[in-house]
Protein chains: 2
Amino acid sequence: MRKTRQYQAVLEALRSTRAHPSAEWIYDQVRGQVPGVSLATVYRILKTLEVEGVIASLEYAGRRTRFDGYPGPHNHIVCLRCGAIEDVEAAPDESTQKKIELSTGFRVSHYRFEWFGLCPRCATNSDPLRSKHSDSYYNSDKGAQHE
Amino acid sequence: MRKTRQYQAVLEALRSTRAHPSAEWIYDQVRGQVPGVSLATVYRILKTLEVEGVIASLEYAGRRTRFDGYPGPHNHIVCLRCGAIEDVEAAPDESTQKKIELSTGFRVSHYRFEWFGLCPRCATNSDPLRSKHSDSYYNSDKGAQHE
DNA sequence: AAGTTAGTGATAATGATTATCATTTTTATT
DNA sequence: AATAAAAATGATAATCATTATCACTAACTT
């Protein structure tokens, strides 16, 4: 992969935050650096970066994919209402993985371990839950509601 | 919710297997009992059952949702290639959850803990990976490849 | 039996992501 | 530098699981 302006802008945008943005939020940032960039290009570069292991994608059905520019040994806690994703250090212990491999015969490559609930702000705010297809975070036009 | 023929047929179809089927596989089963049933009705009933806590949905971005008719204290192991989902007893310990609640301020309602890898058959079979939009399990016409 | 409520079936709409393809940009070769 | 080959881009159409809509029907209530 060539280190094009688009490529660099995508990686910089993603790494500019610890808040796990969506492709569309990244797209908006990149447009500031490369005005005519296409959303398809952003998706393409994100996929390349993921395959290279440079970034990670966090996928939840019915919600847009969120990207993590600092993949490493950590897990996530996700707000059911606003979609906020924060890092968490806890992880299931490795001895469990060996047991599972023996009992199921699967060859395990990775695990997903995520807590779900309400973030502190959402826990005290009783706005209605929003539909599957609109995250408050990193939404294209409306902008983030909080944080 | 009235216990209509459609409702009962959906629940029976889902509970007829431990293999976590998709809405479309359930739809095919239900059609055997209620010939003119609509796919929309199946989705509607599945959503109701989930909200009632009678069943659980297992969601993976880009793949169709899979349903679990026997939700309980267990977790899953997922094959990256064929989409097979099997039950696993291991779970992260509860003391970790308390620590996370204190450090993040989130109010945790549930967690997701899943191992990914290749099932025994897929580990020894080198067919190409299929696209995001076609699971081999519970695919409408083609039927399951194995199991 | 009439009236209210809930559920259904058919189909259109949704929306994030991917595929396509002609064009442009970059790299390699002469 | 000129040309050829390879890769990346931008614009847009296509995909596809799921949801929304709405007219119609079945089920309860009194």
Side-chain angles (χ1 to χ4, degrees), chain A residues 1-11 20-28 30-31 33-52 55 57-67 83 128-142, chain B residues 1-11 20-28 30-31 33-52 55 57-67 83 128-142:
Chain A
M1 181 69 184
R2 294 170 182 165
K3 305 294 181 292
T4 61
R5 282 184 311 143
Q6 290 89 340
Y7 179 100
Q8 292 176 338
V10 165
L11 192 52
H20 316 87
S22 68
E24 195 156 338
W25 183 88
I26 294 169
Y27 171 58
D28 286 340
V30 171
R31 274 200 289 187
Q33 309 300 313
V34 189
V37 72
S38 166
L39 177 58
T41 297
V42 171
Y43 270 108
R44 234 177 331 213
I45 291 171
L46 286 170
K47 174 140 294 190
T48 302
L49 287 167
E50 188 193 351
V51 171
E52 289 172 345
I55 68 173
S57 66
L58 311 174
E59 313 192 328
Y60 309 93
R63 320 205 86 171
R64 58 186 66 180
T65 299
R66 305 280 289 271
F67 296 89
L129 293 167
R130 47 189 68 64
S131 79
K132 287 183 85 173
H133 292 295
S134 66
D135 287 335
S136 63
Y137 272 11
Y138 305 112
N139 219 2
S140 52
D141 37 12
K142 297 166 198 159
Chain B
M1 180 68 183
R2 295 170 183 164
K3 304 297 181 291
T4 62
R5 283 185 309 144
Q6 291 88 341
Y7 179 99
Q8 292 177 338
V10 165
L11 191 52
H20 316 88
S22 67
E24 196 156 339
W25 183 88
I26 295 169
Y27 171 57
D28 285 340
V30 171
R31 275 200 289 186
Q33 309 300 312
V34 189
V37 71
S38 165
L39 178 58
T41 297
V42 171
Y43 271 109
R44 229 177 292 140
I45 291 171
L46 286 169
K47 174 140 292 186
T48 302
L49 287 166
E50 188 192 352
V51 170
E52 289 172 346
I55 68 173
S57 67
L58 311 174
E59 313 192 327
Y60 309 92
R63 319 205 86 173
R64 59 187 65 179
T65 298
R66 305 280 288 271
F67 297 89
L129 293 168
R130 48 189 65 66
S131 80
K132 286 183 85 172
H133 291 296
S134 65
D135 287 334
S136 62
Y137 272 12
Y138 305 109
N139 219 3
S140 50
D141 37 13
K142 296 166 200 160

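The chains referred to below are lettered A, B, ... by the order of the sequence lines, with proteins before strands, and numbering in each begins at 1. Computed from a prediction, not measured in an experiment: that's the story for all the values here. Computed over heavy atoms, backbone and side chain alike; hydrogens, waters and symmetry mates excluded.
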Output the rounded distance in Å from [atom1] ([X]) to [atom2] ([N]).
{"X": "A:Arg64", "N": "D:dA17", "atom1": "CZ", "atom2": "C1'", "result": "17 Å"}
{"X": "B:Leu39", "N": "C:dA12", "atom1": "CG", "atom2": "P", "result": "15 Å"}
{"X": "B:Arg31", "N": "C:dA10", "atom1": "CZ", "atom2": "P", "result": "11 Å"}
{"X": "A:Ile26", "N": "C:dA16", "atom1": "CD1", "atom2": "C1'", "result": "14 Å"}
{"X": "B:Glu24", "N": "D:dA17", "atom1": "CD", "atom2": "C1'", "result": "9 Å"}
{"X": "A:Leu46", "N": "C:dT18", "atom1": "CG", "atom2": "C1'", "result": "13 Å"}
{"X": "B:Leu58", "N": "D:dT18", "atom1": "CG", "atom2": "C1'", "result": "16 Å"}
{"X": "A:Lys3", "N": "D:dA8", "atom1": "NZ", "atom2": "C1'", "result": "13 Å"}

Using 0.5 Å steps for rounding, measure from the [atom1] atom of [X] to the [atom2] atom of [Y].
{"X": "B:Thr65", "Y": "B:Glu59", "atom1": "OG1", "atom2": "CD", "answer": "4.5 Å"}
{"X": "B:Gln33", "Y": "B:Arg31", "atom1": "CD", "atom2": "CZ", "answer": "13.0 Å"}
{"X": "A:His20", "Y": "A:Ser57", "atom1": "NE2", "atom2": "OG", "answer": "11.5 Å"}
{"X": "A:Phe67", "Y": "A:Leu46", "atom1": "CZ", "atom2": "CG", "answer": "4.5 Å"}
{"X": "B:Lys47", "Y": "B:Arg44", "atom1": "NZ", "atom2": "CZ", "answer": "12.0 Å"}

Quiz prompt | Option from B:Val30, B:Ile45, B:Thr41 for which side-chain contact (heavy atoms from CB on, under 4.5 Å) with B:Tyr7 holds | solution =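 When B:Val30, B:Ile45, B:Thr41 are each tested with B:Tyr7, the side-chain contact (heavy atoms from CB on, under 4.5 Å) holds only for B:Ile45.
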Heavy-atom closest contact (B:Pro21 atom, B:Ile26 atom, distance):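 Shortest heavy-atom separation between B:Pro21 and B:Ile26 comes out as CG-CG1, 4.0 Å.
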- Item | Over all atoms of both residues, closest heavy-atom pair of B:Val34 and B:Ala9 |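 Closest approach of B:Val34 to B:Ala9, heavy atoms only: CG2-CB, 4.2 Å.
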Would a distance-only check, ignoring hydrogens and angles, find a side-chain to backbone donor-acceptor pair under 3.5 Å from B:Arg64 to B:Glu24?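 No.
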Practice item. Look at the side-chain N and O atoms of B:Tyr43 and state whether any lies under 4.0 Å from the OP1 or OP2 oxygen of D:dT19. Key: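 No, B:Tyr43 has no side-chain N/O under 4.0 Å of OP1/OP2 on D:dT19.
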Can you check nucleotides 23-25 of chain D for protein contacts, nitrogen or oxygen pairs under 3.5 Å, and list what you find?
none

Give the nucleotide from the list D:dG10, D:dA20, C:dT17 with an atom nearest to the side chain of A:Thr65.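 Side chain of A:Thr65 sits closest to C:dT17.
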Contact list (N/O, under 3.5 angstrom) for nucleotides 6-8 of chain C vs protein:
from, atom 1, to, atom 2, distance (Å)
C:dA6, O4', B:Arg2, NH2, 3.2
C:dG7, OP1, B:Arg2, N, 3.2
C:dT8, OP1, B:Thr4, OG1, 2.8
C:dT8, OP1, B:Gln6, OE1, 3.4
C:dT8, O3', B:Gln6, NE2, 3.3

